[in-house]
Amino acid sequence: MELDAQIPDSVKLGTVVPVATSPTETQDSLPRKSTGEVVINDALDDEVDYGSVDTAWLDVDNRKLHLIGDAYARYQGRELKADYIIIDLESNLAEAQGLPDSTGEISGRPIFNDNGKEFTSDKISFNFKTEKGKIRDIRTREKDIYILGEDTKYISKTDSSEENGDVVFIKNGEFTTCDHDEPHYALKSNKIKTVLNNVAVTGATNVQISRVPTPVWLPFAFFPLTEGKSAGLIFPRDYEYSEELGFGLRNVGYYVPISDRMDLTVVGDIYFSGTYGLRATTRYKRRYKHNGTLTLSWRSQEQEFLNQDDQILDSRRINSFGVNWSHNQDAKAHPTRSFSGSVNFQTNNNARRTFNDAINRANNTVRSNINFTQRFPDKPYTLTASLNHSQNNNTREVIINFPNIDFRMQRIYPLKRKKRIGKEKWYERLSLQYSANAKNRISAPDSTLFSDSTLMNMRFGMQHKANSQLNLKILKYFTFSPSVDYSETYFSHTRNQQFIDQLEIEEMRDTLDNGEVLVSFDTTFGRIEEMIDPGLSSFRDLSVGAGINTQIFNTLEFQKGWLRGIRHSMRPTVSFNYRPDQTLEMRDYIRRVRTDTRPEFADTLSYNKFRLSNQVYNVTPGEKQLSIGYGLSNNIEAKYFSKKDSSFKKLKLINNLNFSGSHNFARDSLRFSALTGSGSTTIFQGVTVINYNANWDFYALNDEGQRVNKLYVQETGKPLRFTGAQIRVRNSINARNLKKIFKSDKKQKSKSDQAARQGRSEAQDQDDLLSLLSGLSLEHNITVQWLAQADSVERSVSNNIISLRINRVQLSPNWNVRIGNIGYNFVTKRATFPDFGVYRDLHCWEAGIDVQPRLRTFNFFIRVKPSSFSFLNLPYRRNNVDGPLNF
C-alpha cells in the first residue's frame, strides 16, 4: 500500500491524521499519502511536536507512532530525545531508548528535559496525560550534585498530589559531585526522594569509595537543591582535634540572604574543652555605587597554665574581639566625592587565636583607614576627612587618629591674566599654595581603650601652612626661585617642668655574707617634676629662601663597537635660607629649669615644651639660621647598539648621584654641615638595585673623639674627613624579571622551516617555564655599613636576608607546591618564619598539607573539593595554641 501523503512533522492529538498500515510501506521522507485514517481520542491540552532524522511511521493496528534516528517529542516545555521513541496514541505514553551502532555500542541514549531539568538514562517512559514517568539508570544534576539511580519514578509538579515541585523517587540511588562516568565516591541510599529545585531526602546512607562500601554511615541526609540565594544551615567543613582545645567543629552556622544587595553569614567554632567563638559576616553591593564586607568576630578561649605559687595546673578564660570592614566606592558613583574604608581592629590578638596561618601569626601590626574626599568642581580645593588606626599585636598599644581633617589648595597663580596678550610677565609666575590640617589622637592599650582615663589623655592639634614661590629665567640658562614658607601649629597640651627645692635623704641597707649590715645614704638636692598643661598653645615658623640652578650636559660618542656613547648630565644648585631664632625666651618655645639647690652645682636644663608622648605634631624650635646650601645632582647613562633588532638603546649607569651641604653664617662655630652623597644604580633589567650613601665632615676631632672648631684640612691637609657610608643591595627575581631577561626576539626571522619550527618549540618551552614560575619571588637584601672611628673604620653587615615566596607552582596537572615565606637571616643566624604546603588534585577529591616548622604547627587534609559535600573531610592538625609559641 502506497502512502497518499507525507506524515506531518507535528500532529495535534484528537484529530484525524493520515497513517501507514505497515512499517514496510514507510520511507525516510514519507513522500506518499497513506490510504488509511485513524481517529485519536482522549485529546491533550496542547500540541505535541515530534520528528526524527531517519524514520517515522505509524502502526495503525496498535496505535503507536515510531520515531527512529535523533528522534524527539515536545509537549508543554517538556522534551524527550533519543535514537528510538515510541508514542502510544491510546495511552499518551512515550517510551525512549538508545539503539546499537555499527560497533554494537548503544548510542543515542534517552534525554528527558522538563523546563530546564535534564535527565539521562538507558530507558525513559513518560505519560503526557498523567505527567508521570519511569526512568531506568537515571543520571541528572542539581546544582553541583549528580544524582544516579536504578529505578526512578517521576511525577510532575502539576499533579494534584504534589504541589511543591517535580518529585523524583529513586531506588538504589547515589549522590556525588564527581562528574566521572564511574564516580570515585558517592553517598548511596536505598530510598531517595527528590523535590526538584527544593530538597533531596534520603534514609540510611553509606559513603562509598569507587563503589566500595565503607564503615561510614549517616542515619539520614537531606540536601538543599534550590537555585540562587536561600536561607539555610551551614554544615561544618572543618573539624579538628587539638591537644590544648580538644575536639572541635569549625564554621558551623546559618546563611540568610537579606535582599538582592545584602546577605548575612553567621558561623561559629566550638571545642569540647570550653573554647568557643562566633563570627558574623555581611556582604553588600549596589551596582555602580559601592560594595563591601563587614565581619564581627568574638572568641572565648579556655586556657590552662601552671600556677607559680602552688605549682598546680590552673585555667583561665581569655575573651577577644575583632572587627574587619572594607568598603569600596564605584568610580562611577560620584564625580567629585569618594568614600572608602578598611578597618582591622582587634583585642587580645583575636586573629591569631582564631586562625592558624602564617599571615596572622607573622603580622605584628594591624592598621585601619577610612577616607572621605570632596573635590570642588572648577576650584583648586580638596577636603579630606579620615580615621587612621594602628595597633601593635605584641605591645597591644593602640593609636587612633580621629577626626583627621585636611584641606588643601593646589598651587595657583593669582597674578596670571585670564586673557593674556603678548608675552608672559615675570610676576605672572608668582604662585601660592596653602594647606590646613586638624587632628585628634588617642593612644592606649587595647584593654583600657574605652576607659575614662584614655579619653582624658587625648591630644588635639591644628596646623596650617602657606608657601609662595616665583620662578624666573635669568641669563637664559639659569632658573632663579625665591620662596617664602610660613606655618602655624596649635597644641591642646604642652609640657611643663618645675624644680622642687627639697632636700631628700634616702637610707639604704645592704647585708653582707657575714651578717654585717652596711648603711648608706643617697642625698638628692632637689628634683624635677613634669606636668602636662592643658590649653591651646601655638608654634610659628617662618623661613625665606632663594635658589638658583642650571643643567650641564657632557656627551662622549664612539663610532664603532658595542658602546656608542656616554652621556653625563649635571644639575648644580645654590640656595639661600633665612630662619629667625626660635629659642629666644620671649617666644616661650624652649623652657629652662633648675637642676640643683646648691649654688656651685646650679645649672639649667633646656627642654622643648611641645615634645610630649602621643603628641599630634612634631616641631623642633631651632636657632637662627642664615645659610647657603649647595648641591650637585648627576645622572650617567650609556648608549649601546643592539644586534637583535639593529637599534640603539639606552642604559642608566648611575641614577641621581647627589652631593649636598650647607654653611650657616649665624652660628658662632662649626658653620659647615656634613657633606652627604647618595645615589642608586639598577642593573640586570631591574633585578638588582644598589643604593649607596656616604658622609664627610669638614672639621677635625679632638682626643675624646668630639668635633672641634678646626678645619680638617688645616690639621691633615686633606679637605674632608670620612665619617661613614652604607650600601644596600636588593636582588629580586620574579616572573616579570625573568621575562625581560630571557624574552626571545620575536622580530628575528628564521632562515629555514626547520629553524622556524625549532624556534617555536624553544619559545613554547620558555613560556612553559615562565608559567611554571609565575608565582616565584626570590629576594635577597644585604646592607653593609662603614663607620669611622678615631683611628680606624669599622665595617659591619646590619642586614643579610634571603627569602623565597612561591604562591603556587604547578609541578604537574595534579601536583602543586606553595611556599608562603621561607628564608634565612645570615646576621642572626636563624631561619625566617617558614610556611609552605603541598597540594594534590584527586579529580573530585583533594589532599594537601600546610606546615609552619618554627611554630611546630601543621594542617593535613583529604577532602571532597569545595561543594555541597565539603563535610566529607578528614583533617588532622596541630593548632596555634598547641605549638611552643602559644599564648
Side-chain angles (χ1 to χ4, degrees), residues 3-23 25-34 36-99 107-136 138-140 152 154-159 165-166 168 196-197:
L3 294 174
D4 296 331
Q6 180 180 350
I7 296 178
D9 289 341
S10 62
V11 59
K12 186 173 182 181
L13 302 184
T15 61
V16 178
V17 298
V19 297
T21 58
S22 174
E25 302 174 5
T26 305
Q27 298 181 10
D28 290 348
S29 59
L30 300 176
R32 293 172 289 181
K33 277 187 178 181
S34 171
E37 294 181 348
V38 62
V39 178
I40 303 176
N41 299 317
D42 203 7
L44 297 176
D45 297 333
D46 205 347
E47 185 180 81
V48 175
D49 181 21
Y50 70 86
S52 63
V53 173
D54 296 338
T55 305
W57 60 275
L58 182 64
D59 185 352
V60 177
D61 295 336
N62 297 312
R63 293 191 177 183
K64 291 184 179 181
L65 179 63
H66 297 258
L67 305 173
I68 302 174
D70 290 337
Y72 65 89
R74 303 187 186 102
Y75 175 73
Q76 291 186 346
R78 300 177 180 87
E79 182 180 33
L80 183 62
K81 295 190 296 183
D83 261 7
Y84 184 29
I85 298 177
I86 303 176
I87 301 178
D88 192 323
L89 304 179
E90 188 71 28
S91 63
N92 302 314
L93 180 67
E95 296 182 346
Q97 65 183 45
L99 293 176
S107 63
R109 296 179 184 274
I111 300 176
F112 179 65
N113 190 305
D114 186 356
N115 295 293
K117 294 301 177 182
E118 192 171 272
F119 305 89
T120 60
S121 69
D122 290 341
K123 187 175 182 180
I124 295 178
S125 61
F126 181 76
N127 192 300
F128 292 105
K129 185 65 176 178
T130 63
E131 298 185 337
K132 296 180 180 180
K134 291 184 179 181
I135 306 173
R136 189 176 67 186
I138 185 176
R139 184 181 182 92
T140 184
T152 303
Y154 176 83
I155 303 176
S156 174
K157 63 182 177 181
T158 57
D159 187 85
D166 295 346
V168 179
L196 301 184
N197 293 323

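Residue Ala96 comes nearest to Ala82 through the heavy atom pair CB-CB, 3.7 Å, listed as atom of the first residue, atom of the second, then distance. Between Ile87 and Ala73 the shortest heavy-atom distance is CD1-CB, 4.1 Å. When all heavy atoms are compared, the tightest approach of Glu79 to Tyr72 is OE2-CB, 4.5 Å. In plain terms, the two heavy atoms of Leu58 and Lys64 that are nearest each other are CD1-O, 3.4 Å.
For Leu93, the side-chain contact (heavy atoms from CB on, under 4.5 Å) partners at least two apart in sequence or on another chain are Asp88, Ser91, Glu95, Ser125, Asn127. Residues satisfying the side chain to side chain donor-acceptor pair (under 3.5 Å) test with Glu118, not counting sequence neighbours, are none. Asp70 pairs by the side chain to side chain donor-acceptor pair (under 3.5 Å) definition with nothing, not counting sequence neighbours. With sequence neighbours excluded, the residues satisfying side-chain contact (heavy atoms from CB on, under 4.5 Å) with Ile68 are Thr55, Trp57, Tyr84, Leu99. For Thr152, the side-chain contact (heavy atoms from CB on, under 4.5 Å) partners at least two apart in sequence or on another chain are Ile135, Ile138, Val168, Ile170. Every side-chain contact (heavy atoms from CB on, under 4.5 Å) that Ala71 has, sequence neighbours left out, goes to Ser52, Leu67, Ile85.
The line from OG1 of Thr140 to CD1 of Ile111 is 11.0 Å long, rounded to the nearest 0.5 Å. Taken to the nearest 0.5 Å, the CD atom of Glu90 stands 10.5 Å off from the CG atom of Asn62. With rounding to the nearest 0.5 Å, the separation of NZ in Lys123 from CZ in Arg109 is 13.5 Å. Here the CG-CG distance, from Asp83 to Asp54, works out to 8.0 Å after rounding to the nearest 0.5 Å. Here the straight-line distance linking atom CZ of Arg136 with atom CD1 of Ile124 works out to 11.0 Å at 0.5 Å rounding.
The aromatic rings of Phe119 and Phe112 sit parallel to each other, their planes meeting at less than 30°, with 60° as the upper class boundary.
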